[in-house]
Trainee: 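Here it is: the structure, laid out below.
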Amino acid sequence: MSSERESEEAVGSSRVIKSVFFVLLLDLLGFTLILPLLPSILDHYGQTEDSVYQSLQSIVDWFREAVGVPMETKYNSVLFGGLIGSLFSLLQFLSSPLTGAASDHYGRKPLLILTTLGLMSSYAVWAVSRSFSMFLLSRVIGGICKGNVSLCTAMIADLPCPKARNKGMMMVGIAFSLGFTVGPLMGAYFAINSSKEEVFYHGPAVLALVFSAADLLFIIVMLPETLPKQNKTKVSSVTSGIQESGDLLNPVALFHFSALTRTEDPPSKEKMQNLKVLGFVYFTYLFLFSGLEFTLSFLTHQRFQFTSMQQGKMFFFMGITMALIQGGYARRIKPGHHIRTVRLAILLLIPAFAIIGLAWNLKMVYIGLILYSFAAAIVVPCLTTLVSDHGSANQKGTVMGILRSLGALARALGPIVASSVYWIAGAETCFIISSTSFIIPLVLLRKLGGLKQE
């Protein structure tokens, strides 16, 4: 009987993993179409007299003058794009915990349908936008509704077998690599081949809407619900609901995963301590990583005079390398080996970013990027897998939502801090200081207790 049940669970888990992979890939293809177009979109609106654009440009100018960024169109576009990216991440920071907690009450599938409808509306607004204010509104709607990633990881966390969860998280990583590699290429292609009668970003915006609509249809028809009715949490009273909302919006409470302590079956003290440590490791890693990833555009343009096309090829190389590592090595990592693998990957980032920061030729840059790609392919999926082992069945949405929120906060702050150090202290100093700072998450990992660490 037990072997039959295990066989049924394996078949069910395989179906969930394949469905989640497809849902997330469609979501990310639509999301990444805009990435290569952002500088051109900002240049397009920079020629208008839009008051909202001018207000944000004044913030960019203040930051540029404060840290000493040269007055070049290329750098202005990167900084302006970074400001919009930080706004998007901050909205994710606020919405992800609420979306995750709501999925513990109402189920993963209904929330996925709701967030996908929200994303469809954001792409529709983008497609018809003819002013920067409308374009910014589309990004705000998208930032609030971009809960698909945390909900998909919660669905993987719902799986009963650790081996299945591990495979599922690695497939999530592969979906990211493929989405961030293929999506930008498609966006650039449709923008270049747009007709003269329409604005250049109309085609990619409509394609994003099509991807999102296909995603919605697949979710409704094919995606199974992974949270059984008996495992759903009861809707809280008004008072406890306000307290829970506070725990999901307060940054300090998020770092402590305080929302879990108010549930009927809170994790043990040891589990809670491990969750806090993993949350700090995740935040610290992404804070440093996203900052250096952002300044990479500055370094390659300043030192090697990279054009936008050359930078696109560089990120394409990184995406393909990450996909190969995730498809070949990462998905074969056995349960219990994740901490050791994360340590190795973070250790490799120290020489990776040091080599890139000191590089005087492209061969050195690409050697550093190979090490960088290995870590990028490994760390987040492994940490997500470790976190997914915590919390009961009706807490997984909250756990994964909080983790996603911490990552969004890191991605909002990291580029700002790294850019400041880069232009005030210089490229070499920025990359050396940041690379050695990866010792911090390594030290934090030593504080984990009770997890299997071969």
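Quantities reported herein were computed from a predicted structural model and do not represent experimental measurements. For the single chain, residues carry numbers from 1 onward in sequence order.
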Trainee: Hey, does Ile34 have a side-chain heavy atom less than 4.5 Å from the side chain of Arg139?
Mentor: yes
Trainee: Met364 and Ala359: which non-hydrogen atoms are nearest, and at how many Å?
Mentor: CB-CB, 3.6 Å
Trainee: Is there a side chain to side chain contact (heavy atoms under 4.5 Å, CB included) between Leu136 and Leu87 once you walk through the steps?
Mentor: CA-CA 10 Å; Leu136 189 62; Leu87 171 63; 3.9 Å; yes
Trainee: I'd like to know whether the aromatic ring centres of Tyr53 and Tyr45 sit less than 6.0 Å apart in this structure.
Mentor: no
Trainee: Quick one: closest heavy-atom pair of Ser405 and Leu254, and the distance?
Mentor: OG-CD1, 3.6 Å
Trainee: What orientation do Tyr372 and Phe289 show, parallel under 30°, tilted 30 to 60°, or perpendicular over 60°?
Mentor: parallel
Trainee: Run the side chain to side chain contact (heavy atoms under 4.5 Å, CB included) check on Ile439 and Ile350 step by step: do they pass?
Mentor: CA-CA 8 Å; Ile439 294 171; Ile350 297 175; 4.1 Å; yes
Trainee: Would you confirm whether Thr115, through its side chain, and Leu112, through its main-chain N or O, come within 3.5 Å as a donor-acceptor pair?
Mentor: yes
Trainee: Before you tell me yes or no, could you show the steps for Phe374 and Tyr329 under ring pair (Phe, Tyr, Trp, His ring centres under 6.0 Å), namely the whole-Å CA-CA distance, both residues' side-chain angles and the distance that decides it to 0.1 Å?
Mentor: CA-CA 10 Å; Phe374 178 83; Tyr329 170 72; 5.7 Å; yes
Trainee: Keeping Asp27 on the side-chain end and Asp215 on the backbone end, is there a donor-acceptor pair under 3.5 Å?
Mentor: no
Trainee: Mind telling me whether Phe283 and Phe287 have parallel, tilted or perpendicular rings, with 30° and 60° as the class edges?
Mentor: parallel
Trainee: Could you pull out the closest heavy-atom pair between Leu248 and Ala101, with the gap in Å?
Mentor: CD1-CB, 3.5 Å
Trainee: Does a side-chain heavy-atom distance below 4.5 Å link Leu445 with Leu448?
Mentor: yes
Trainee: Drop me the distance from Leu371's CG to Tyr366's OH, to the nearest 0.5 angstrom.
Mentor: 14.5 Å
Trainee: When you check the side-chain N and O atoms of Asp61 and Gln57, is any donor under 3.5 Å from an acceptor?
Mentor: yes
Trainee: Roughly how far apart are Leu98 CG and Ile402 CD1, rounded to 0.5 Å?
Mentor: 10.0 Å
Trainee: I need the Ile144 CD1 to Ser121 OG distance, nearest 0.5 Å.
Mentor: 9.5 Å
Trainee: Are the side chains of Ser77 and Phe80 in touch, meaning some heavy atoms are under 4.5 Å apart?
Mentor: no
Trainee: Do Thr32 side-chain atoms and Gly179 backbone N/O form a donor-acceptor pair below 3.5 Å?
Mentor: yes
Trainee: Between CG of Leu117 and OG of Ser122, what distance do you get to the nearest 0.5 Å?
Mentor: 11.0 Å
Trainee: Decide, yes or no, whether a salt bridge links Asp389 with Lys271 under the criterion of side-chain N to carboxylate O below 4.0 Å.
Mentor: no
Trainee: Would you name the heavy atoms of Ala410 and Pro415 that are closest together and state the gap between them?
Mentor: O-CD, 4.2 Å
Trainee: Would you call Ser19 and Arg15 a side-chain contact if the rule is heavy atoms closer than 4.5 Å?
Mentor: yes
Trainee: How are the rings of Trp126 and Tyr201 set to each other: parallel, tilted or perpendicular (split at 30° and 60°)?
Mentor: parallel
Trainee: Do Phe180 and Phe315 make the cut of ring centroids closer than 6.0 angstrom?
Mentor: no
Trainee: Whether the side chain of Thr321 engages the backbone of Phe317 through a donor-acceptor N/O pair (distance < 3.5 Å, no angle test) should be reported.
Mentor: yes
Trainee: Donor-acceptor pair, distance only, cut-off 3.5 Å: does the side chain of Thr261 make one with the backbone of Ser258?
Mentor: yes
Trainee: For the backbone of Gly328 and the side chain of Arg332, can you confirm whether one donor and one acceptor N or O come within less than 3.5 Å of each other?
Mentor: yes
Trainee: I'd like to know whether Phe304 forms a side chain to side chain contact (heavy atoms under 4.5 Å, CB included) with Met314, so could you lay out the CA-CA distance, the side-chain angles of the two residues, the decisive distance to 0.1 Å, and finally the verdict.
Mentor: CA-CA 12 Å; Phe304 302 106; Met314 177 183 70; over 6 Å; no
Trainee: With no hydrogens and no angle check, do the side chains of Gln395 and Thr398 hold a donor and an acceptor under 3.5 Å apart?
Mentor: no
Trainee: Within this structure, what is the CG-CD distance for the pair Leu275 and Glu270, rounded to the nearest 0.5 Å?
Mentor: 11.5 Å
Trainee: Please determine whether side chain to side chain contact (heavy atoms under 4.5 Å, CB included) holds for the pair Ile113 and Lys109, giving the CA-CA distance in whole Å, both sets of side-chain angles, and the decisive distance to 0.1 Å.
Mentor: CA-CA 6 Å; Ile113 291 172; Lys109 189 169 179 174; 4.3 Å; yes
Trainee: Can a donor-acceptor pair be found, under 3.5 Å and without considering hydrogens, that links the side chain of Thr153 to the backbone of Val149?
Mentor: yes
Trainee: Kindly give the heavy-atom pair with the smallest separation between Cys430 and Tyr422, and that separation in Å.
Mentor: CB-CA, 3.7 Å
Trainee: Kindly say whether Leu151 contributes a backbone atom to a donor-acceptor pair with the side chain of Arg404 at under 3.5 angstrom?
Mentor: no
Trainee: Using a 4.5 Å cut-off on heavy atoms from C-beta on, say whether the side chain of Lys276 contacts that of Lys447.
Mentor: no
Trainee: Quick one: does any side-chain atom of Gln326 pair with a main-chain N or O of Met170 as donor and acceptor, under 3.5 Å?
Mentor: no
Trainee: Please check this pair: side chain of Ser419 against backbone of Ile416, looking for a donor-acceptor N/O pair closer than 3.5 Å.
Mentor: no
Trainee: Check whether Phe31 forms a cation-pi arrangement with Lys146 (NZ or CZ under 6.0 Å from the six-membered ring centre, at most 45° off the ring normal).
Mentor: yes
Trainee: Should Ile333 and Thr385 count as side-chain neighbours, where that means a heavy-atom distance under 4.5 Å?
Mentor: no
Trainee: What is the distance from atom CZ of Arg411 to atom CZ of Phe88, rounded to the nearest 0.5 Å?
Mentor: 12.0 Å
Trainee: Any non-hydrogen side-chain atom of Phe294 less than 4.5 Å from a side-chain atom of Val78?
Mentor: yes
Trainee: Would you name the heavy atoms of Ile141 and Gly118 that are closest together and state the gap between them?
Mentor: CG2-O, 3.6 Å
Trainee: Per the side chain to side chain donor-acceptor pair (under 3.5 Å) rule, which among Lys396, Arg165, Arg108 passes with Asp158?
Mentor: Arg108
Trainee: Can you tell if the side chain of Phe306 reaches within under 4.5 Å of the side chain of Leu296, non-hydrogen atoms only?
Mentor: no
